[in-house]
Amino acid sequence: MALCVYNTLTRSKDPFAPLDPGHVRMYVCGPTVYDRAHIGNARPVVVFDTLYRLLKRLYPRVTYARNITDVDDKINARAQESGRSIRDITEETAAWYHDDMAALNALPPDVEPRATEHIAEMIALIAVLIEKGHAYAAEGHVLFSVSSMADYGALSRRSRDEMIAGARVEVAPYKKDPGDFVLWKPSTPDLPGWDSPWGRGRPGWHIECSAMSGKYLGISFDIHGGGQDLVFPHHENEIAQSTCAHGAGTFARYWMHNGYLMVDGEKMSKSLGNFFTVHDLLAKAPGEAIRLTLLSTHYHQPLNWTDDGLAQAKQTLDRFYAALARVEDVPPGAAAEPHLAPVLAALEDDLNTPAAIAAMHDIVTRLNKAEAADEQAALKSALLQAGELTGLLASAPEDWRRGAGVPTSGLSDAEIDGMIAARAAARASRNFAEADRLRRILADAGILLEDGAGGTGWRRG
RNA sequence: GGCCGGAUGGCAGAGUGGUUAUGCAGAGGACUGCAAAUCCUCGUACGUCGGUUCAAUUCCGGCUCCGGCCUCCA
């Protein structure tokens, strides 16, 4: 089975055929660094990280670029409110971002360009657009001329008339056309700015992605990803900038967009204020459980974030890790491919992670039943490889069972072991009342016991 | 107003023109001192009204409801 992806450009699930099968290139819009990432920001990161992992398995070389937007009016506003320097804020926020995404087992991208380090490339790109008649300077601004591009609106499938009819913003007087968008804008002395042919100023939001993707991936590359809310205007404008500068048919060939993250049936966003930060969630749930929650719904669908969903993901991982713990001493073996195939097939079918997880459940059930060592070895290997593809099961089973990743309070491991020993003694003398009393105390502390052939194990529930 | 999505069993959530999703919860059983974990068995779901078809949850159309975009946003 070959990889298929839903392409927003064609609105259909298309077979994926990279420009260069020896080198797949993908660009995903990264964060604007002015605040903690919320769980909605994490969804595209986890989704495209999973795609990245799949691509790396299917192709010899993958270059994944994800930008950091460190020049933006929201950052400027944050700096003014707090009295801190812009640099301070962007550095701190970028570091938080890296920590939080790493906790979700998201691999770092191969390239992570920062907007402020690519101003020269943006200025050069803007100059080309002016030269080719797709942009014009006016009152210190440079604007992209939407009317200069015949098929502007192709990605979001809206006509220029529709956009104008729906526009709720006041049209700046220097715009020739209400749909024209800013490539460069003037900065006052107190705002960050760079010298340019159009005076001291700063770039518009869209130009950085065109400039940086072109620099690191080439003027044509395979996949461009991001959240659905970026389709218009951000991605539409990226297409306009890049194809007008470099020629029709250039730029990204497959556009992939993840659905929104909802809370209580409403879109979660910073502007609505109904968001959970990844950082806060990590204090009460392991990163893998958060990641699995995000992968439990197909990436194209909206995902309603609930505590119950998170708890279920944790429970699922408990089951997976318990299976791995049972075969801890079995070295992963060969012949895993047939067992892994359904997982791979699900992922290759437009990244169908819920189906892939179902296939992992099937592997786990068969692993739990397997008695022959070679069968256990093959299934264990298949499960671990599925974990690598989905970015799950990266912990040691014992660490997971003992509560790895979540700050714990209460009983220490030594205290727990002591009580288990006391309970074992009580059971040996058939004093079950005492044994049950001890088990009850542990249960109240969140420690669940499991009596097995080889003794009593425990886990944090 | 314009343009998009979605509606699946108690819950979450895939998928399919006629055959089991999967998980959780629930019921029964095996195992256990009792539990837990594990394994086995079970409920026979696809918003509504029409149409196409031998056959539709699955294709087409109307309707209802929900959500989103059109402005910064992952």
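Protein chains get the first letters and strands the later ones, always in sequence-line order, with residue 1 at the start of each. Values below: every heavy atom of this structure, side chains too, minus hydrogens, waters and symmetry copies.
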Under 4.0 Å, heavy atoms only, any strand: does [X] hit a base, just the sugar-phosphate, or nothing?
X         : value
Arg66(A)  : nothing
Leu230(A) : sugar-phosphate
Gly40(A)  : base
Gln301(A) : sugar-phosphate
Thr365(A) : sugar-phosphate
His300(A) : nothing
Asp451(A) : base

Spacing of [X] atom [atom1] relative to [N] atom [atom2], expressed in whole Å:
X         : N      : atom1 : atom2 : answer
Leu261(A) : G5(B)  : CG    : P     : 21 Å
Phe232(A) : G5(B)  : CZ    : P     : 17 Å
His224(A) : A74(B) : NE2   : P     : 13 Å
Leu295(A) : A74(B) : CG    : C1'   : 15 Å
Leu442(A) : A37(B) : CG    : P     : 16 Å
Leu155(A) : C70(B) : CG    : P     : 14 Å
Asn304(A) : A12(B) : CG    : C1'   : 10 Å
His298(A) : U16(B) : NE2   : P     : 11 Å

For atom [atom1], what is the distance between [N] and [M], given to the nearest Å?
N      : M      : atom1 : value
G43(B) : C11(B) : C1'   : 15 Å
G1(B)  : U53(B) : C1'   : 39 Å
G67(B) : G50(B) : P     : 28 Å
C46(B) : C39(B) : P     : 29 Å
C66(B) : U48(B) : C1'   : 15 Å
C60(B) : U52(B) : C1'   : 7 Å
G13(B) : C4(B)  : C1'   : 23 Å
U19(B) : G33(B) : P     : 45 Å

Using only heavy-atom distances, determine whether the side chains of [X] and [Y] contain a donor-acceptor pair under 3.5 Å.
X         : Y         : value
Tyr321(A) : Asp399(A) : no
Glu236(A) : His206(A) : no
Asn67(A)  : Glu208(A) : yes

message: Within this structure, what is the CE-CG distance for the pair Met419(A) and Leu442(A), rounded to the nearest 0.5 Å?
response: 4.0 Å

Pairwise distance CG(Asp70(A)) to OH(Tyr34(A)) - rounded to 0.5 angstrom: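 Taking CG in Asp70(A) and OH in Tyr34(A), the distance rounds to 14.5 Å.
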
Look at the side-chain N and O atoms of [X] and state whether any lies under 4.0 Å from the OP1 or OP2 oxygen of [N].
X         : N      : value
Gln315(A) : A25(B) : yes
Thr297(A) : G13(B) : yes
Lys369(A) : C40(B) : yes
Asn368(A) : U38(B) : no

Nucleotide forming a Watson-Crick or wobble pair with [N], both distances under 3.5 Å:
N      : answer
C54(B) : G18(B)
G5(B)  : C66(B)
A36(B) : none
C42(B) : G26(B)

- prompt: Would you find a donor on one side and an acceptor on the other, under 3.5 Å apart, between the side chain of Arg43(A) and the backbone of Tyr260(A)?
  reply: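 At least one qualifying donor-acceptor pair exists.
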
message: Looking at Gln376(A) and Ala370(A), would you say the former's side chain and the latter's main chain have a donor-acceptor pair under 3.5 Å?
response: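 Checking the backbone N and O of Ala370(A) against the side chain of Gln376(A), a donor-acceptor pair under 3.5 Å is found.
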
query: Pick the nucleotide of RNA chain B nearest each of Val364(A) and Glu450(A); which residue has the one closer to the 5' end?
result: Glu450(A)

Contact nearer the 5' end of RNA chain B, comparing Cys29(A) with Arg366(A):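 So the residue in question is Arg366(A).
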
Asp307(A) CG: over 12 foreign heavy atoms closer than 6.0 Å: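 No, not enclosed.
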
- prompt: Listed in order of residue number, which residues of residues 350-362 of chain A have a non-hydrogen atom at under 4.0 Å from RNA chain B?
  reply: Asn352(A), Pro354(A), Ala355(A), Ala358(A), His361(A)

task: For this output row, return yes or no: ring centroids of His118(A) and Tyr216(A) closer than 6.0 angstrom.
output: yes

Of all the nucleotides listed ([options]), which has the minimum atom distance to the side chain of [X]?
X         : options                : answer
Gln312(A) : G6(B), C34(B), G23(B)  : G23(B)
Arg319(A) : C4(B), A74(B), U38(B)  : U38(B)
Arg459(A) : C72(B), A37(B), C24(B) : A37(B)
Thr32(A)  : G33(B), G67(B), A74(B) : A74(B)

- request: Measure the acute angle between the ring planes of Tyr27(A) and Phe221(A), then classify it against the limits of 30° and 60° as parallel, tilted or perpendicular.
  value: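 Plane angle between 30° and 60°, so tilted.
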
- prompt: Mind checking whether His224(A) and Trp255(A) have parallel, tilted or perpendicular rings, split at 30° and 60°?
  reply: parallel

Donor-acceptor pair under 3.5 Å, Arg157(A) side chain vs C4(B) base: no

- request: Determine whether any donor atom in the side chain of Arg427(A) lies under 3.5 Å from an acceptor atom in the base of G33(B), or the reverse, and answer yes or no.
  value: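 Such a pair exists between side chain and base.
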
